[in-house]
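In what follows, a single structure is set out as structure tokens and then discussed.
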Amino acid sequence: MKSILKKILTVEERVNRLRHLSQTMNSFESYLSSARDKDVAERNIQVAIESCLDIGKILIAIHHLKEPSDNKGVFMVLAESGIIETTLLKFLIPMAGTRNILVHGYDRIDDALIYGIIQKHLSDFENFIQQVRSHESLDGVGP
């Protein structure tokens with residue numbers, strides 16, 4: 001469980017960094033004009049997504065769940081097993097694809113998508129973590 005907690009703390013830290021970034025931006029245009037803000041946003045989203053995937057893979061191994069065929073499948077297996085709510089798949093499945101673009105297709109990054117994640121979807125990362133914590137009885141357990 002210690003490795004899951006470490007990953008949870010990573011997601012929480014990255015979401016906090018993204019929330020701080022979102023509070024300092026005035027507009028999409030200001031985001032576009034700042035290479036630094038774009039780099040910070042992209043890297044923190046990538047790490048948050050990868051940490052969520054790692055959490056999912058650890059849970060799949062611990063609970064001996066079916067092996068997913070890809071990263072999107074990690075979240076689907078968690079939902080099928082009741083670890084997370086299926087409503088979260090609306091956010092998590094596209095995030096697995098976003099992670100692939102951030103890592104492998106960096107020349108195809110959609111700035112509007114990244115900006116939208118920062119402005120509207122940080123709570124979805126938090127919901128994922130809350131549901132994992134609740135399912136695994138991790139509340140109050142330190143790293």
Starting from [Y], can I reach [X] by hopping between I/L/V/M/F/W/Y residues whose side chains sit under 4.5 Å apart?
X   : Y    : answer
I93 : V103 : no
V47 : V132 : no
L65 : I4   : yes

Can you name the closest pair of heavy atoms from [X] and [Y] and give their distance?
X    : Y    : answer
S51  : T10  : OG-CG2, 3.2 Å
E85  : Q131 : N-OE1, 2.7 Å
D124 : L88  : O-CD2, 3.8 Å
V40  : L21  : CG1-CD2, 4.1 Å
V74  : P68  : N-CB, 3.5 Å
F125 : A48  : CE2-CB, 3.8 Å

Side-chain H-bond candidate by donor/acceptor type, H135 with Q130, under 3.5 Å: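 The criterion, which ignores hydrogens and geometry beyond distance, is not satisfied for Q130 and H135.
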
Would you check if the side chain of S34 reaches a backbone N or O of S30 as a donor-acceptor pair within less than 3.5 Å?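 Between the backbone of S30 and the side chain of S34 there is no qualifying donor-acceptor contact (under 3.5 Å).
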
Hey, is the main chain of I114 close enough, under 3.5 Å, to the side chain of E42 for a donor-acceptor pair?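 It does not hold such a pair.
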
Stepwise side-chain contact (heavy atoms from CB on, under 4.5 Å) test for Y115 and L32: CA-CA 9 Å; Y115 183 78; L32 285 177; over 6 Å; no

What distance do [X] atom [atom1] and [Y] atom [atom2] have between them, rounded to the nearest 0.5 Å?
X    : Y    : atom1 : atom2 : result
I60  : I55  : CD1   : CD1   : 12.0 Å
L113 : T98  : CG    : OG1   : 4.5 Å
Q23  : Q119 : CD    : CD    : 9.5 Å
L102 : R108 : CG    : CZ    : 10.5 Å
K72  : L92  : NZ    : CG    : 12.5 Å
I83  : L59  : CD1   : CG    : 5.0 Å

pair [X]-[Y]: side-chain heavy atoms closer than 4.5 Å:
X   : Y    : answer
H63 : E136 : yes
H20 : N16  : no
V11 : I49  : no

Applying salt bridge (Lys or Arg N to Asp or Glu O under 4.0 Å) as the test, list every pair that has at least one member in residues 49-64; sequence neighbours left out.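 Qualifying pairs: K7-D54, E50-R99.
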
Only pairs at least two apart or in different chains count here, so list each salt bridge (Lys or Arg N to Asp or Glu O under 4.0 Å) that has a residue in residues 8-26.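 Salt bridge (Lys or Arg N to Asp or Glu O under 4.0 Å) check on residues 8-26 returns E12-R133, E13-R17, R19-E126.
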
N44/V15 under side-chain contact (heavy atoms from CB on, under 4.5 Å): CA gap, chis, key distance, verdict: CA-CA 7 Å; N44 281 289; V15 167; over 6 Å; no

Just do the ring-ring contact (aromatic ring centres under 6.0 Å, His included) check on F128 and F91 with the steps written out, would you? CA-CA 10 Å; F128 173 79; F91 168 72; 9.0 Å; no

